[in-house]
Amino acid sequence: MFALSSVDLLDAFTRQLRLCKLREGEHVVVLAEPESRGDYVAAAFGAAKACGAHVIAATVPGGTPAPMPSTRTGAGPGLTSVLRDTAAQDLLKSADLVVDLTREGFIHAPVQQEILRTGTRIIFVCDAPEVLIRNLPDPADKDAVLRGVELLKRSSVMRISSSAGTDLTVQLSGSQPEFQCGFADDPGRWDHWPSTMVLCWPEISDGQIVLAPGDILLPFKEYVREPVTLQIAGGHIEKVSGGAEAALLTTFFDDSNDTWARSLSHMGWGLMRSADWFATAMYGKNELMGMDARAFAGNFLWSTGPHPVLGRESYAHLDIAMRGCSVTVDGTDVVVAGRLTEDGG
């Protein structure tokens, strides 16, 4: 971590908005809530002005409804003030670009898709300043993730293995491969600064996942201390065994009272070479979204809960980032023992 000035932030946000292809005369909404960082609001506002755009800074009431009222998790339904206010939604739909500086956003809420369908671009920003600047994306990042997306689209099976015992087979048919590249440059595009990853939404996966010490559980933002074995059948977690983290996961699944809590959601691999696996240990839990872990180059990221391809709404959403795995797509190695190959990005 290092000291940053307002000039550093303004420069970083200006570079980000230019990556988002913000043009002179376009309309920007900087969306915040009372707990959003004021220096981010100022930097985003100034950056939009520097690009010659029209800009409005809108602050909406904070608060995320049950069952996920916590902050900076990426798991909840999103801001009540946006979900229940058509005037706020109309403002976002009228923008060319929304810079979302809220602590939860509304990533998993259907209203976000409504906003994107109008052509609005959304860039979500919810990490510490040093994390943003260290992981400022490069235009070439989009080319790299698109190569991974194309590989998944023309393939039928993805296999994940590890020396710890992971052996998972994933059926790719209908999995609608997607990506995050850290900037939103196409109409109707949502993205997350920082992030560089390839992902898909499979329905069927079978085998076992073995979490090794040092893997990261999100949104808990905890490192695994003892091995955890999860038995997977038909895309569903049938059994969890192991030490303290196994008990943590089991309790989360049981207490969520969610039909889809034990069902797998998106999965894929990270390409963000500037990411720091240990960032999770260096900041307070309320300071980070955890994108260093989620997008770390050569990781295997998988999740539980919501599944838009299957029309499955759920807020029992975990992201689990693993190191040391090998990922093979129809016989093509994209990650080998935790390291990206040329085919992987």
- Closest non-hydrogen contact found for Thr14 with Leu10 is OG1-O, 2.7 Å
- List, by chain and number, the other hydrophobic cluster members for Val7, where Ile, Leu, Val, Met, Phe, Trp and Tyr join if side-chain heavy atoms come within less than 4.5 Å, directly or indirectly. none
- Message: Restricting to non-hydrogen atoms, name the atom on Ile122 and the atom on Ala184 that form the minimum distance, rounded to 0.1 Å.
- Response: O-CB, 3.5 Å
- Between Leu199 and Pro177, is any pair of side-chain heavy atoms under 4.5 Å apart? no
Could you tabulate the donor-acceptor pairs under 3.5 Å formed by side-chain atoms of residues 201-214, not counting sequence neighbours?
from, atom 1, to, atom 2, distance (Å)
Trp201, NE1, Glu178, OE2, 3.3
Asp206, OD1, Gly234, N, 2.7
Gln208, OE1, Gln231, NE2, 3.0
Gln208, NE2, Gly165, O, 2.8

- Query: Hydrophobic clusters join Ile, Leu, Val, Met, Phe, Trp and Tyr when side-chain heavy atoms are under 4.5 Å apart, directly or via other members; which others share one with Phe13?
  - Reply: Leu9, Leu17, Leu22, Val28, Val30, Tyr40, Val41, Phe45, Val55, Leu97, Val99, Leu101, Ile123, Val125, Leu132, Leu136, Trp193
- Task: May I ask you to say whether Arg262 pairs ionically with Asp254, meaning some side-chain N is under 4.0 Å from a carboxylate O?
- Result: yes
- Query: Can the ring centres of His266 and His317 be said to be less than 6.0 Å apart?
  - Reply: yes
- Arg147 and Asp343 ion-paired at < 4.0 Å: no
- Go through the structure and list residues passing salt bridge (charged side-chain N to carboxylate O under 4.0 Å, His left out) with Lys239, not counting sequence neighbours. none
- Message: Going by the rule ring pair (Phe, Tyr, Trp, His ring centres under 6.0 Å), which residues pair with Phe220 if we only count those two or more places apart in sequence or in a different chain?
- Response: Phe252
- Note on the structure: Those residues at least two apart in sequence (or on a different chain) that pass salt bridge (charged side-chain N to carboxylate O under 4.0 Å, His left out) with Lys142 are Asp185, Asp186
- In chain order, what residues pass the ring pair (Phe, Tyr, Trp, His ring centres under 6.0 Å) check against Phe296, with sequence neighbours excluded? Trp277
- Message: Holding to salt bridge (charged side-chain N to carboxylate O under 4.0 Å, His left out), I want the full list of residues that pass it with Asp333, two or more places apart in sequence or in another chain.
- Response: none
- Message: Looking at every non-hydrogen atom in both residues, tell me the closest pair between Asp292 and Ala275 and how far apart they are.
- Response: OD1-CA, 3.2 Å
- Query: Do the side chains of Met158 and Thr328 get nearer than 4.5 Å, heavy atoms only?
  - Reply: no
- Message: Using the side chain to side chain contact (heavy atoms under 4.5 Å, CB included) criterion, which residues pair with Ala295? Sequence neighbours excluded.
- Response: Ser195, Met197, Met272
- Note on the structure: Contacts of Asp96 meeting side chain to side chain contact (heavy atoms under 4.5 Å, CB included) (sequence neighbours excluded), chain-then-number -> Glu26, His27, Arg121
- Item | Arg189: salt bridge (charged side-chain N to carboxylate O under 4.0 Å, His left out) partners, not counting sequence neighbours | Asp191
- Message: Strictly by ring pair (Phe, Tyr, Trp, His ring centres under 6.0 Å), give each pair with a member in residues 122-171 just once, sequence neighbours left out.
- Response: Phe124-His192
- Message: Are the side chains of Glu245 and Leu249 in contact, using a 4.5 Å heavy-atom criterion?
- Response: no
